[in-house]
Every structure is written in structure tokens, then in C-alpha cells.
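Heads up, the thing below is written out as C-alpha cells.
Proteins get letters first, then strands, A, B, ... in listed order; numbering begins at 1 in each.
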Protein chains: 2
Amino acid sequence: MMRSDARDNRARIVAAATDIIEHEGTMASLNEIAKRAGVGPGTLYRHFPTRDALLAEVLVAWVERVEDAADATSIAEKGDLVDWLEQLAGISNAYRGLAASIASVAGDETSPLRSAHQATLDANDRVFDKARAAGLTDAPVDAGTVARLVTGVAMATEQANLTHQQTRTMLEVILEGLLASARP
Amino acid sequence: MMRSDARDNRARIVAAATDIIEHEGTMASLNEIAKRAGVGPGTLYRHFPTRDALLAEVLVAWVERVEDAADATSIAEKGDLVDWLEQLAGISNAYRGLAASIASVAGDETSPLRSAHQATLDANDRVFDKARAAGLTDAPVDAGTVARLVTGVAMATEQANLTHQQTRTMLEVILEGLLASARP
DNA sequence: ACCTGAACACCGTTCAAGT
DNA sequence: ACCTGAACACCGTTCAAGT
């Protein structure tokens with residue numbers, strides 16, 4: 001059982017982090033977050049030994065957005081799938097630096113962001129299940145490949161300040177490729 | 001005419017930067033580069049007011065590699081094009097952080113890295129010209145779209161420590177999509 | 001004209017000292 | 001058990017003072 005002051009501090013750190021990361025991105029200063037939360041930097045480190053551990057907490061709400069989006073999406077034609085990929089890329093760019101943070105999970109099995117990452121893979125799988133049900137494709141599409149491609153698009157979009165149309169064009173190419181290579 | 005001591009210092013800064021960036025990536029400490037070059041930090045800033053200005057100088061040699069690779073590549077079948085994209089992605093990952101630095105050029109018309117970026121776009125165009133000559137595709141493929149996609153792949157590869165095979169799979173999907181959407 | 005290097009305002013991270 | 005906040009070793013960047 002956590003001491004009540006510790007529990008309070010933890011909650012205030014998460015609240016401050018959510019607020020600041022939303023505005024400044026995933027690379028926001030940890031000292032600034034601690035200050036905003038009204039705790040010493042050591043307290044932040046005690047509760048969250050790494051930046052990703054803190055980010056994982058902030059992303060709990062974010063993961064729900066991904067899952068809701070996946071479940072709310074209905075897939076009837078190819079354009080719907082592009083819309084979905086666009087949504088996925090957009091959500092990955094909810095905060096500055098988020099796409100890069102997500103990408104780094106894939107290469108680190110022990111990352112605290114692991115479950116958040118897995119949830120998005122699963123959500124993506126469910127959407128492509130719908131696509132198969134709608135007869136858009138008959139072969140399996142690897143969710144990992146899709147995730148890596150969309151993450152790459154999201155990173156490029158953020159880094160190069162791409163227009164909506166440029167990003168969509170990239171996703172159209174990718175979807176075309178996914179469906180083409182899925183057909184034997 | 002630059003004073004000879006200034007010219008010497010400039011050359012030593014570029015040499016030190018090349019050396020250090022090769023090992024530590026594009027985000028290497030500028031103070032460390034200055035120290036290695038045997039100059040004060042102010043001298044580095046006098047010659048290169050921004051990190052990208054310094055990087056542009058370091059990348060002169062790098063651009064030649066891209067152009068040589070493009071001109072040396074012969075394209076006869078689809079696999080050759082995947083090989084080319086793989087080479088392009090590999091070159092973009094020559095240094096850590098390079099893919100991101102390249103990506104940021106696209107969103108900044110005044111970047112000192114502009115000519116380096118343009119050179120890679122042109123090189124890519126020449127390769128796809130060969131593909132058209134070989135009858136692999138008949139419609140134009142936008143070099144900008146290709147560059148953005150490959151940059152995204154390169155960033156994801158670096159950030160997620162992807163395997164060779166994972167990267168190649170992404171590029172295969174992209175090429176499939178490029179050729180498919182090029183066909184009317 | 002060019003260079004030096006101390007100085008400034010920041011980072012992330014740690015850890016003795018407190019309660 | 002938990003917290004504070006000064007301290008450390010770094011950043012990038014500037015600018016008075018030197019030659």
C-alpha cells in the first residue's frame with residue numbers, strides 16, 4: 001500500500017506530464033514537469049525511473065483513443081482503409097515526438113510502452129479483419145509491417161511538416177502495396 | 001579572401017565534425033567538435049551558425065556516394081528497384097540521426113541542406129528513368145513521394161533497430177504500391 | 001578580422017539530508 | 001518510506017576581451 005502523500009504526488013506528476021507533453025511533446029523537460037507538479041526532481045525519478053515509464057502512464061488515455069477509433073471504423077471499400085491508416089498516423093502524431101517514441105518500442109522488448117504498442121497492433125489487426133470480411137483482400141496482412149510503415153509515415157510527416165495531402169499520398173501507396181503483395 | 005588562420009580553422013572543424021558525426025550521429029555535441037578541432041566554441045559558430053550549416057559541409061562527400069550509387073545501379077527487373085530503394089535507405093542511415101536531418105529539409109526551403117537533398121531527389125529520378133527505359137513502369141513516379149517514403153522507412157529502421165529483412169519488406173510493399181498506383 | 005574561453009541558462013540524474 | 005533541493009556533468013549559445 002502506497003503512502004497517501006506518495007499517491008498524491010504520483011497523480012500530480014502524471015497530470016502535469018499529460019499537460020506539458022501535450023504542448024511540448026514527448027521530449028519535454030522532466031524538471032519542468034516536476035516543478036509543475038510541485039515536487040522535487042528526485043520524486044519524479046522515484047515514481048518513474050525512465051522517461052518512457054512516465055510516458056506509458058500518460059498514454060493510457062491515448063491507447064483508448066486508438067482502440068475506440070479502430071472499433072468505430074467500418075470498412076467497406078479501399079478508401080475506408082486509407083482513412084484508417086490516416087487516422088492511425090494522425091493519432092501517432094498526437095504529440096510531438098510520439099511517433100519516434102512508439103517506434104523505439106519495437107526494438108526494445110522490455111520497454112514500459114510495450115503494452116501500449118501491443119494494443120495498437122491488435123487494434124490494427126481488427127481493422128484488417130474487417131477488410132477481409134468485406135472482401136477487400138484475402139491474404140493475411142502482417143500487422144507489424146503495417147505498424148512499422150505507418151510509424152515511418154508519421155515520423156516523416158512530423159519531421160518534414162508534410163501537408164495532409166502528402167501524407168495521404170504516402171499512405172495510399174502503402175495500402176496499394178499491402179493489397180498487391182497480399183494477393184498471391 | 002579568408003584569412004589563412006580562419007581557413008585552417010574551418011577545415012579542421014569540418015574534419016573533426018566528419019569524424020565525430022560518423023561515430024556519434026548528427027546530434028553530436030558541437031562543443032566536443034570544437035574541442036577536437038582545437039578551437040573555441042565561438043569559432044565554430046562563426047563559421048557555421050547552425051548545426052545544419054556544418055552538417056551540409058560534412059555531407060558533401062556523402063552526396064557523392066548517393067550519386068555514384070544511382071549512376072552505378074542498373075535496373076532490369078523489379079528486384080533491382082528494391083535493391084536501389086534499400087541502398088537509398090541504407091545511405092540515409094549512414095550516420096545516426098541523418099534520416100531525420102534529411103527529412104527536416106523538405107519542410108524548410110531555406111535549409112543549408114537543401115542542395116544535398118535536391119541532389120538525392122535528382123539521383124532517384126535518374127534511377128526511375130532507367131526503370132521506365134527497362135519497361136518496368138510507364139507512368140511517372142513522383143520523386144518527392146519516393147523520397148518521403150524512403151526517409152520514413154530509414155527513420156523507422158533507425159529508431160526501432162529493425163532487421164535488414166523488416167526494412168526490406170517495408171520497401172517491397174512501397175515499391176509494389178508505387179508501381180501499382182503508377183499504372184492507370 | 002578573427003579567436004578565446006568564461007559565462008549563462010538550460011538539460012538529465014543523483015544523493016545526502018531531512019520529515 | 002518518502003521527499004527535497006542542492007550539486008554534478010553535461011548541453012547550446014553568446015559576447016567581452018584579447019591578438
Side-chain angles (χ1 to χ4, degrees), chain A residues 1-21 23-58 95-98 100-101 104 108 110-113 159, chain B residues 1-21 23-58 95-98 100-101 104 108 110-113 159:
Chain A
M1 189 56 176
M2 201 176 241
R3 238 167 58 177
S4 73
D5 55 346
R7 205 156 46 83
D8 278 12
N9 280 335
R10 195 181 193 284
R12 291 165 63 196
I13 290 168
V14 172
T18 302
D19 203 41
I20 290 182
I21 287 176
H23 289 90
E24 319 224 338
T26 59
M27 285 314 196
S29 157
L30 297 178
N31 279 330
E32 191 187 342
I33 290 173
K35 187 181 290 184
R36 173 83 67 97
V39 302
T43 303
L44 187 149
Y45 276 85
R46 156 168 277 266
H47 286 286
F48 304 101
T50 65
R51 180 182 292 273
D52 277 0
L54 177 55
L55 193 55
E57 200 66 33
V58 171
Y95 313 135
R96 209 145 32 90
L98 182 54
S101 294
S104 66
D108 176 9
T110 69
S111 167
L113 294 172
Q159 199 72 26
Chain B
M1 190 56 177
M2 202 177 240
R3 237 167 59 176
S4 73
D5 56 345
R7 204 156 47 84
D8 278 12
N9 280 334
R10 195 181 194 281
R12 291 165 63 197
I13 290 168
V14 172
T18 301
D19 203 40
I20 291 182
I21 287 176
H23 290 89
E24 319 225 338
T26 59
M27 286 316 198
S29 157
L30 298 178
N31 278 331
E32 191 188 341
I33 291 173
K35 186 180 290 185
R36 173 83 68 99
V39 302
T43 303
L44 188 149
Y45 276 86
R46 156 167 276 266
H47 287 285
F48 303 101
T50 65
R51 178 182 294 272
D52 277 1
L54 176 55
L55 194 56
E57 201 65 33
V58 171
Y95 313 135
R96 209 145 28 91
L98 182 54
S101 294
S104 67
D108 176 8
T110 69
S111 167
L113 294 172
Q159 198 72 27

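- If you measure from atom NZ of B:K35 to atom C1' of C:dG5, you get 12 Å, rounded to the nearest angstrom.
- Atom CD1 in B:I13 sits 11.5 Å away from atom OG1 in B:T18 (nearest 0.5 Å).
- Nucleotide C:dC2 holds its P atom 12 Å from the CZ atom of B:R10, rounded to whole Å.
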When the side chains of residues 24-34 of chain A are checked against the rest of the protein, which donor-acceptor pairs come out under 3.5 Å, sequence neighbours left out?
| residue | atom | partner | partner atom | Å |
| --- | --- | --- | --- | --- |
| A:T26 | OG1 | A:G97 | O | 3.2 |
| A:T26 | OG1 | A:S101 | OG | 3.4 |
| A:S29 | OG | A:N31 | N | 3.3 |
| A:S29 | OG | A:E32 | N | 3.0 |

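- The two residues B:V39 and B:L44 come nearest to each other via the heavy atoms CG2-N, 4.5 Å.
- B:A56 and B:P112 get closest at one heavy-atom pair: CB-O, 3.4 Å.
- The side chain of A:N31 places no N or O atom within less than 4.0 Å of a non-bridging phosphate oxygen (OP1 or OP2) of C:dC10.
- Residues B:L55 and B:D52 meet the side-chain proximity criterion, which asks for heavy atoms closer than 4.5 Å.
- With a 3.5 Å limit on both pairing distances and Watson-Crick or G-U wobble geometry required, the stems of 3 or more pairs in DNA chain D span C:4-8 with D:12-16, C:12-16 with D:4-8.
- The distance from atom CE of A:M27 to atom P of D:dG12 is 15 Å, rounded to the nearest whole Å.
- The distance between atom CG of A:L44 and atom P of C:dC15, rounded to the nearest whole Å, is 17 Å.
- Residue A:A34 is classed as having no contact, given no heavy-atom separation below 4.0 Å to the nucleic acid.
- Atom CD in B:E24 sits roughly 12 Å away from atom P in D:dC10 (whole-Å rounding).
- Within the 4.5 Å cutoff, the side chain of B:E57 has no heavy atoms near those of the B:H47 side chain.
- As a whole-Å value, the separation of B:Y45 OH from D:dT14 P is 7 Å.
- Taking every side-chain heavy atom of A:E32 into account, C:dC11 is the closest of C:dT14, C:dC11, D:dT13.
- Heavy-atom minimum distance, B:R36 versus B:A16: CG-CB, 3.6 Å.
- For residues 47-57 of chain B, proximity to DNA chain C is found at B:H47, defined as any non-hydrogen atom under 4.0 angstrom from a strand atom.
- Atom C1' of nucleotide C:dG12 and atom CG of A:L30 are separated by 7 Å, given to the nearest angstrom.
- In the set D:dA6, D:dC2, D:dT13, the nucleotide with an atom closest to the side chain of A:A6 is D:dC2.
- Shown here for A:Y95 and A:I21, the closest heavy-atom pair between the two residues is CD1-CG2, 3.9 Å.
- Remark: B:S29 is in phosphate contact with D:dG12, judged by side-chain N or O atoms under 4.0 Å from OP1 or OP2.
- Residue A:V39 has its side chain nearest to D:dT4 when only C:dG12, D:dT4, C:dC3 are considered.
- Taking CG of B:L113 as the start and OG1 of B:T50 as the end, the distance is 8.0 Å to the nearest 0.5 Å.
- Residue A:R3 places no side-chain N or O under 4.0 Å from the OP1 or OP2 atom of D:dC2.
- In this structure, B:D108 CG and A:Q159 CD are separated by 11.5 Å, a value rounded to the nearest 0.5 Å.
- Protein atom CD1 of B:I13 is 7 Å distant from nucleotide atom P of C:dC3, rounded to whole Å.
- Here C:dC3 is the nucleotide among C:dC3, D:dA6, D:dT4 with the atom lying nearest to any side-chain atom of B:R46.
- For A:D5, the listed nucleotide lying nearest its side chain is D:dC2; candidates were C:dG12, D:dC2, C:dC3.
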